[in-house]
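Here's the structure, in structure tokens; my notes come after.
A note on names: the letters A, B, ... follow the listed sequences, proteins ahead of strands, and every chain is numbered from 1.
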Number of protein chains: 2
Amino acid sequence: MQVTTKPETPHSSEECKHSIRAVHDAMYVLGGKWKISIIACLLFGAKRYSDILREVEGISGKMLSRELKEMEVNFLVKRTVGKSQPVMVSYELTEYGESVKPVISTLANWGHIHRKCVTKNS
Amino acid sequence: MQVTTKPETPHSSEECKHSIRAVHDAMYVLGGKWKISIIACLLFGAKRYSDILREVEGISGKMLSRELKEMEVNFLVKRTVGKSQPVMVSYELTEYGESVKPVISTLANWGHIHRKCVTKNS
DNA sequence: AGTAATAGTAACATGCAGGTAACTACTAAA
DNA sequence: TTTAGTAGTTACCTGCATGTTACTATTACT
């Protein structure tokens with residue numbers, strides 16, 4: 001038996017682990033360097049491969065197609081191939097993908113505030 | 001000049017990049033495999049090193065001290081050394097660290113729903 | 001004196017996330 | 001027929017983010 005200084009109800013510890021697990025689950029799907037940025041980008045509407053490539057600065061073609069494919073498997077994104085001309089593939093969020101929106105906007109909001117804090121103290 | 005199928009106002013593209021930048025800023029501070037879990041854990045109150053080690057399952061001692069140190073530098077976490085007995089160091093979120101709470105809970109919430117979706121379809 | 005617990009640090013090892021560059025396949029325009 | 005623009009894929013390579021293990025220092029208990 002362990003005794004900690006601050007006994008802490010087993011209840012709160014369970015709650016804590018539960019919450020950590022949920023966060024972990026989310027990060028399992030949304031993790032990686034680019035997925036969240038891609039979703040953020042697609043929240044502004046359906047985009048083509050090259051559009052995303054241009055808007056998500058720094059991402060390489062390989063990573064973009066890789067992440068998109070993963071997100072398609074997870075039903076976050078839908079891929080549509082337009083009837084040729086010069087091919088045209090467009091990507092859009094599924095309804096499920098849209099459900100990530102609150103996560104993104106909370107995160108973006110915090111990031112925004114954080115940037116202000118940092119630049120203020122420099 | 002590029003012509004895209006869906007012309008998309010430059011306005012929305014700017015907005016999009018702006019939002020991506022904010023998300024990126026946030027992930028710069030909260031990124032890494034463990035920080036979000038640690039914060040989630042500390043949202044339930046101040047904890048000692050070994051408590052966190054136990055509650056954030058899978059984390060190694062090295063990573064824990066490393067991530068905690070980084071978060072201290074970023075003013076997300078406060079470290080307090082108790083006057084000995086067997087030493088006792090406790091960590092708690094700063095007010096600034098608490099401001100991440102909405103992010104965590106939105107994420108946890110989504111993770112929770114996601115888990116339900118996955119287990120349902122299996 | 002020896003053991004255990006706390007909170008770490010240091011040295012070493014490694015896998016995989018991610019980058020780069022070259023290549024394909026299709027179409028259209030010059 | 002050569003160039004350019006789409007949307008990728010493939011092979012190769014590298015570094016860093018982590019993991020593992022062993023070690024320290026302090027105090028308390030037996």
How close or far is atom [atom2] of [N] from atom [atom1] of [X], stated in whole angstroms?
| X | N | atom1 | atom2 | answer |
| --- | --- | --- | --- | --- |
| B:R79 | C:dA7 | CZ | P | 10 Å |
| B:E70 | C:dT9 | CD | P | 13 Å |
| B:I38 | D:dT18 | CD1 | C1' | 13 Å |
| A:K69 | D:dA7 | NZ | P | 15 Å |
| B:L53 | C:dA7 | CG | P | 9 Å |
| B:K33 | D:dC16 | NZ | P | 18 Å |
| A:M88 | C:dT27 | CE | C1' | 11 Å |
| A:L64 | D:dA7 | CG | C1' | 10 Å |

At less than 3.5 Å, do the side-chain atoms of A:K62 and the base atoms of D:dG8 form a donor-acceptor pair? no
For the side chain of [X] and the backbone of [Y], is there at least one donor-acceptor N/O pair under 3.5 Å apart?
| X | Y | value |
| --- | --- | --- |
| B:T106 | B:P102 | yes |
| B:T94 | B:F75 | yes |
| A:Y28 | B:G111 | no |
| B:S90 | B:R48 | no |

Where along residues 20-31 of chain A does a heavy atom fall under 4.0 Å from DNA chain D? none
Mind checking A:S60 for me? I need base, sugar-phosphate or nothing, with any heavy atom below 4.0 Å counting as a touch. base
Between B:S65 and C:dA7, is there a contact of a side-chain N or O with OP1 or OP2 at under 4.0 Å? no
Can you tell me if the side-chain N/O atoms of A:S50 get under 4.0 Å from OP1 or OP2 in D:dA7? yes
Residue [X], side-chain atoms from C-beta onward, closest of [options]:
| X | options | result |
| --- | --- | --- |
| B:V89 | C:dG8, D:dG8, C:dG18 | C:dG8 |
| A:M63 | C:dG18, D:dT18, C:dG8 | C:dG18 |
| A:Y49 | C:dA7, C:dG8, D:dA7 | D:dA7 |
| A:R66 | D:dT6, C:dG18, C:dA7 | C:dG18 |
| A:V87 | C:dG19, D:dT18, D:dA7 | D:dA7 |

What's the separation between atom CZ in B:R21 and atom CD in A:E57, rounded to the nearest 0.5 Å? 7.0 Å
Just how far is it from atom CD1 of B:I104 to atom CG of A:L107, taken to the nearest 0.5 Å? 9.5 Å
Please verify the inter-ring angle class for A:Y96 with B:H114; under 30° counts as parallel, over 60° as perpendicular, anything in between as tilted. parallel
